[in-house]
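By convention here, the first residue in the shown sequence is residue 1. For ligands, and for the atoms within them, numbers begin at 1 and follow the listed sequence. A quick note: this is a predicted structure, and the numbers were derived from the prediction, not measured.
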Amino acid sequence: MVFIFYVYSLFMNMTDTRPIGIFDSGVGGLSVWKELINILPNESIVYYADSKNCPYGSKSDKEIINLSKKNVEFLLSKNCKIIVVACNTATAASIDILREKYNIPFIGMEPAVKPAAINTKTGHIGILATKGTFNGRLFKETSSRYANNIEMNIQIGVGLVELVEKFKQDTKEAEDLLVQYIKPMVNDHVDQIVLGCTHYPFFYKRIKKIVGNSATIINPSIAVAEQTQKQLVNYQLMKKSDSSVFYDFYTTGELETLKKIVSELSKNKHKTIFYQNLL
Ligand code: DGL
């Protein structure tokens, strides 16, 4: 009996110090990383930005699948225990294949159509995402399941991802594009606007300026971080102490924007940060 209790308590105290892996076509997934470090402060994280191949949104499914496999294999080579696909476009094209091919839990993302459809009072919701995300199975299935009787104002955010990659989210150029995409949603009386791409939360303030109080802006990053936490518990992969936490960042593009955004988001957090350019 004592022995059984001893084994049980060992099991309960098990801690997995391997990092969480996260990838995106570029720096957009940092909007998810920000929520992960808040909700899971004990966990180390390896972030992989495939900025050289960004944007994914206009690529074929086949290209995105191959890039996603490459990204996952990099993260596996860094000993990651779970992988967050912090990219709606990569999730849309590749999540089923990744889950089938690799023996590791994956967290994917899709535009938050369900909460928008549940909460709308006007019966009109707006969704801003990439072409690849709108064409994916997940978006189509979720829309037909939850938003059958809802008017959806769908907008492809052409050019927005590229602006964030160049750290130009706070420019007149960004403002003009956002007005072009968001204003028709406001005119259409949407009261929920879904940010269906992880690069878009970096435009939050500008979008808010355009919509005022007429609509709620839905950023699914917190829900993704919560889902990651849930799966770490389910698979018994949690790291139980805050010792030796590290955040490693790798990019296939330039380091400049990545470093700027990370330093903005990680204010007051004293962890070991490492950057490497894989160019
Ligand atoms: N952050 C990616 C997403 O969530 C950007 C897509 C792209 O690279 O076009 O969809």
**Option whose closest heavy atom lies nearest to atom 10 (O) of ligand 1, chosen from Thr89, Thr198, Val32** =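 Heavy atom nearest to atom 10 (O) of ligand 1 belongs to Thr89.
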**Message:** Can you list everything that forms a side-chain contact (heavy atoms from CB on, under 4.5 Å) with Glu162? Sequence neighbours excluded, please.
**Reply:**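 Pro55.
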**Item:** Under-4.0 Å heavy-atom contact with ligand 1, by part of Cys197 that carries it
**Value:**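 Within the 4.0 Å criterion, Cys197 contacts ligand 1 through backbone and side-chain atoms alike.
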**Asked** Hey, is Asp24 touching ligand 1 through its side chain, its backbone, both or neither, going by heavy atoms under 4.0 Å?
**Response**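 Looking at Asp24 and ligand 1, just side chain atoms fall under 4.0 Å.
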**Message:** Which label fits His189 and His124: parallel for a plane angle under 30°, tilted from 30 to 60°, or perpendicular past 60°?
**Reply:**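 The arrangement is perpendicular - the two ring planes meet at more than 60°.
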**Request:** Specify whether Phe74 and Tyr48 have parallel, tilted or perpendicular ring planes, treating 30° as the upper limit for parallel and 60° as the lower limit for perpendicular.
**Result:**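 Geometry flag for Tyr48 against Phe74: tilted rings.
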Which of the atoms of ligand 1 are close to [X], meaning less than 4.0 Å from one of its heavy atoms?
X	value
His199	1 (N), 2 (C), 5 (C)
Ser25	2 (C), 5 (C), 6 (C), 7 (C), 8 (O)
Thr130	6 (C), 9 (O)
Gly57	7 (C), 8 (O), 9 (O)

**Prompt:** Nearest to atom 7 (C) of ligand 1, what protein heavy atom do you find, and at what distance?
**Reply:**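 Among all protein heavy atoms, the one nearest atom 7 (C) of ligand 1 is Tyr56 N, 3.2 Å.
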**Item:** Ion pair Glu43/Lys239, N-O distance below 4.0 Å
**Value:**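 So Glu43 does not pair with Lys239 through a salt bridge.
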**Request:** Return yes when atom CG of Asn148 has more than 12 non-hydrogen atoms of other residues, nucleotides or ligands closer than 6.0 Å, and no otherwise.
**Result:**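 Yes, the 6.0 Å shell around CG holds more than 12 heavy atoms from other groups.
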**Prompt:** Does any donor atom in the side chain of Thr120 or Gln192 lie under 3.5 Å from an acceptor atom in the other side chain?
**Reply:**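 No donor-acceptor contact under 3.5 Å links the two side chains.
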**Message:** Can you see whether Tyr102 engages Glu73 through a side-chain donor-acceptor pair at a distance of less than 3.5 angstrom?
**Reply:**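 Yes, side-chain donor-acceptor contact under 3.5 Å.
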**Prompt:** With only distance considered, is Thr133 within less than 3.5 Å of ligand 1 through an N or O on each side?
**Reply:**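 No - when backbone and side-chain N and O of Thr133 are compared with those of ligand 1, no distance drops under 3.5 Å.
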